[in-house]
Amino acid sequence: MGAFLPWYTFTAVILLVIHGGLCVDIIGGNEVKPHSRPFMAQIKGPRGIICGGALIKENWVLTAAHCKVEKSKVILGAHSLKKREKEQQAFRIAKDIPYPCYDPSTKENDIMLLQLQGRAKLNKAVQPIPLPPSDDDPRPGTVCTVAGWGTTTNHPGKLPTALMEVNITVIRREICNDKNHYNGKPVITENMICAGAKNGKKDSCNGDSGGPLRCNNIMKGITAFGKQKKCGDADGPGVYTRLTKRHLEWIRKTIGGA
């Protein structure tokens, strides 16, 4: 692992605050093939995109607990951010259930379940993402992907027209906790994953919180937070809530047969 240390010292993913919560977007990524990520969910409020999410069952979406979902709707089967597509299915939120031990001050356990009013019709454009079979911790150097409809530049915060995705790389927690990064404020714990890019130019930022972090095509985390600076700075690697054994047990118990 030591060979990665100098390279990742300068790694970063920055996530900013919008709509009253820490929400994030894609910097340095590319548009995905339309409807090739059928598990992705848009969470939209009266003023536009709030967060992302992942469909895990016909009537359940997994997102971040800090996302403010009041008066919001969930859109499945979306690729475009600007236009209505025939593949899209829109739902009101019946229940929003944050993880019981979510702590907004330490940012621990930043996970929330959304129960939809109604069930999604599954097809090529709408499919749930499987929960991970284990809570294995991705090793430093693992390449992961994150997707979303958040802003793609800092100035003036330009929104994309469609779903974007970027590759990022897992960073050692010791680096994320050092004085050049978070300096223990907050502490990046074993319940979190740090990930970024060599020069900080590949990022998640405004509007992507709640989207799934996938490593080797397996969902391992939820986009959570970063330093409240401009996206792409090289001193604030993005932080993702890791799907631990406790989280997975809670998810399975909550969604049950509902």
Is it true that a side-chain atom of [X] and a backbone atom of [Y] form a donor plus acceptor pair closer than 3.5 Å?
X: Asn59; Y: Leu116; answer: no
X: Asn216; Y: Ile218; answer: no
X: Asp135; Y: Thr244; answer: no
X: Glu58; Y: Gly118; answer: no
X: His247; Y: Asn109; answer: no
X: Asp178; Y: Asn180; answer: yes
X: Asp96; Y: Leu114; answer: no
X: Arg242; Y: Pro138; answer: no
X: Lys73; Y: Gln42; answer: no
X: Glu85; Y: His79; answer: yes

Over all heavy atoms of both residues, which pair between [X] and [Y] is shortest? Give the atoms and the distance, please.
X: Ala41; Y: Val74; result: CB-CG1, 4.0 Å
X: Thr63; Y: Gly52; result: OG1-O, 2.8 Å
X: Phe39; Y: Arg214; result: CZ-NE, 3.5 Å
X: Ala120; Y: Val126; result: CB-CG1, 4.0 Å
X: Leu55; Y: Trp60; result: CD1-O, 3.4 Å
X: Ile193; Y: Lys220; result: CD1-O, 3.9 Å

When rounded to the nearest 0.5 angstrom, what is the spacing between [atom1] in [X] and [atom2] in [Y]?
X: Leu81; Y: Trp149; atom1: CG; atom2: CH2; result: 8.0 Å
X: Lys71; Y: Arg47; atom1: NZ; atom2: CZ; result: 10.5 Å
X: Asn217; Y: Cys144; atom1: CG; atom2: SG; result: 10.5 Å
X: His35; Y: Asn123; atom1: NE2; atom2: CG; result: 9.5 Å
X: Asn177; Y: Cys194; atom1: CG; atom2: SG; result: 7.5 Å
X: Lys68; Y: Cys51; atom1: NZ; atom2: SG; result: 10.0 Å

Are Tyr240 and Ile168 close enough, and set up right, to give a side chain to side chain contact (heavy atoms under 4.5 Å, CB included), and what steps lead you there? CA-CA 12 Å; Tyr240 301 78; Ile168 51 179; 3.2 Å; yes
Go through the steps to decide whether Arg119 and Phe91 satisfy the test side chain to side chain contact (heavy atoms under 4.5 Å, CB included), and finish with yes or no. CA-CA 8 Å; Arg119 292 176 177 265; Phe91 297 88; 5.8 Å; no
Please list all pairs passing the salt bridge (charged side-chain N to carboxylate O under 4.0 Å, His left out) test where one or both residues lie in residues 121-133, with sequence neighbours left out.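 Every pair satisfying salt bridge (charged side-chain N to carboxylate O under 4.0 Å, His left out) with a residue in residues 121-133: there are none.
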Do the side chains of Asp137 and Arg173 get close enough for a salt bridge, i.e. N-O under 4.0 angstrom?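 Salt bridge between Asp137 and Arg173, a charged N being under 4.0 Å from a carboxylate O: yes.
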Walk me through it: do Thr145 and Val166 pass the test side chain to side chain contact (heavy atoms under 4.5 Å, CB included)? CA-CA 6 Å; Thr145 60; Val166 68; over 6 Å; no
